[in-house]
Amino acid sequence: MPLIFDQSKSGRRGVRPPSGDVPSADELPAQYRRQHPPALCEISELDTVRHFTELSRRNFGLDSGFYPLGSCTMKYNPKILEKVAALPGFSNLHPLLPQLRQGGLLVQGALQVIYDLEQLLNELTGMAGTTLQPMAGAHGELTGMMIVAAYHRDRGNQKNEVLIPDESHGTNPSSAAVAGYSTVPVDTDAKSGMIDLNDLERKIGGQTAAVMLTNPNTLGIFNRDIQELVDIAHRHDALVYYDGANFNAVMGRFRPGDAGIDLVHVNLHKTFATPHGSGGPGAGPVGVAARLLDYLPVSRVVKRRDNTYILDYDYPKSIGYIAPFYGNFGVCLKACAYILMLGGEGLRQASDHAVLNANYLMNQLKDIYELPFKRVCMHEFVLSARRMQNEHNIRAVDIAKGLIDEGFHPPTVYFPLIVPEALMIEPTETESKETLDRFVAAMRRIAGKAKEKPESLRQAPASTPVGRPDEVRAAREMDVATLPEP
Ligand SMILES: *Cc1c(COP(=O)(O)O)cnc(C)c1O
């Protein structure tokens, strides 16, 4: 497919800009004036539309098909939330508008959204206070670890280690390391798929600043030992951090605060209906227990007795700003609208359906693909392609690529690391039974191919504009222009 610049014809026009209503460039000093016209392509509106429509059809998105990417929660996000975020009263705001003096009314609505969303998240997580500043899950973890460090410093505790289960998301150890801690992995019990409390007891001590727990964990399993884990940690004056990126599994059913958890982050872009991909935009609000409130980032939005809202900076123990202004306000706005739109009962139903859909898929697939941890799952589950590798030399990556030819986005593969040839599948609550059944049929066809035509599977995908790249070469020579044309 030609680049849009290759389609350019001198003198052709797509738009005709209105004549300028600002002084012309002749009045600029000569050294600031452009010497040559900009290198824009000259193309008609129709050809522009066709070019970008064609490009978009080569992409796979949630609006075009099922996207069971485990741990990422690629669910459908109602379009009305985009409309809410585009309301001029929100989209025309500037973070430096005065809050109360002069044009104070301009930002009161936005401050109320921040305040209300914090209250709603406190209610959902059972925590005493929440900051909306962190701009991703990993950023929330870093914020949490900085709060842990500030808390221990304040109490004169000398602690340098954070304990993290070996199945955790890779962001957990990196966040703890960036905050200055050494990290110690804790084993997963081979039978239950939960963190091994005996191993935890062996490794925890006076040096432990925090234990990071992901729940449901990356195997999609709900940890039934949370209370015991919290008690063990607190006996050593260690805080417990709850990675709640995948909170969509437990909304309205479980509140980390009720189990004595000290810090929790949730991913608004997974659970609370913000589309995500390619690294953003997202938000990873962090909730804390009462004893950690003083360390939350500033500024905080507070509600005054006359029902107006102001930004308060008077928290001397705060870890300070961790994002410009108030974080990704548009993402928070969409999350607030989503929560209010569904209400408590609706959120609980969303979680129930996410869990039901995942268990349905797991039970439809467990006879043909190996299921290493045979437990009721939460929002996702992990299969292993090890048996297929042994019998037919077909790996998880071949199954993933085969799914592309079937019209589905592949699941997450090779994660968590503790499962060989892992396929991590998350259907989300927004998919219908018919879609799930089509996915099961595709997975069964692929299992058949692994037996009968393994070579075709090893070469999949065959139906896409770009075939399977040579992975080693792709990593070494990152030049997309050399990819073969279809
Ligand atoms: C997605 C995820 C994260 C990281 O969130 P980002 O917003 O991608 O930084 C952390 N932990 C778990 C369990 C996740 O699923």
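Numbering of ligands and ligand atoms starts at 1, following listing order.
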Test of proximity, His269 against ligand 1: N or O pairs below 3.5 Å: yes

Ion pair Glu118/Arg300, N-O distance below 4.0 Å: yes

Per-atom contacts, ligand 1 versus Ala245 - under 4.0 Å to a heavy atom: 2 (C), 11 (N), 12 (C), 13 (C), 14 (C), 15 (O)

Any side-chain heavy-atom pair of Ile195 and Asp225 under 4.5 Å: no

Identity of the nearest option to atom 14 (C) of ligand 1, non-hydrogen atoms only, from Lys270, Glu426, Glu380, Met212: Lys270

Side chain, backbone, both or neither: Ala138 near ligand 1, heavy atoms under 4.0 Å: both

Where ligand 1 meets Thr214 - atom numbers and elements under 4.0 angstrom, heavy-atom basis: 13 (C)

Check: Ser71 N/O within less than 3.5 Å of ligand 1 N/O: yes

Asn215 side chain near Met378 side chain, heavy-atom distance below 4.5 Å: no

Close-contact set for ligand 1 against Glu141 heavy atoms, below 4.0 Å: 10 (C), 11 (N)

Side-chain heavy atoms of Ile399 within contact of Tyr369, under 4.5 Å: yes

Closest to atom 4 (C) of ligand 1 (judged by heavy-atom distance), picking from Met135, His169, Glu167: His169

Asn267 and ligand 1 - part of the residue with a heavy-atom distance under 4.0 Å: side chain

Check: Val186 and Val211 side chains under 4.5 Å, non-hydrogen atoms: no

Salt-bridge contact Lys401-Asp398 (side-chain N to carboxylate O under 4.0 Å): no

Salt bridge present between Arg444 and Asp367 (N-O < 4.0 angstrom): yes

Numbered atoms of ligand 1 (with element) below 4.0 Å of Ala136, judged on heavy atoms: 7 (O), 9 (O)

Glu421 and Arg395 ion-paired at < 4.0 Å: yes

Contact check, His139 vs ligand 1, heavy-atom distance below 4.0 Å: no

Per-atom contacts of ligand 1 with Asp243, taking only distances under 4.0 Å to non-hydrogen atoms: 10 (C), 11 (N), 12 (C), 13 (C)

Minimum heavy-atom distance Ala337-Leu81, with the two atoms named: CB-CD2, 3.7 Å

Atom indices of ligand 1, in the order listed, that fall short of 4.0 Å to a heavy atom of Asn246: 13 (C), 15 (O)

Residue, atom name and distance, where the atom is the protein heavy atom closest to atom 6 (P) of ligand 1: Gly137 N, 3.4 Å

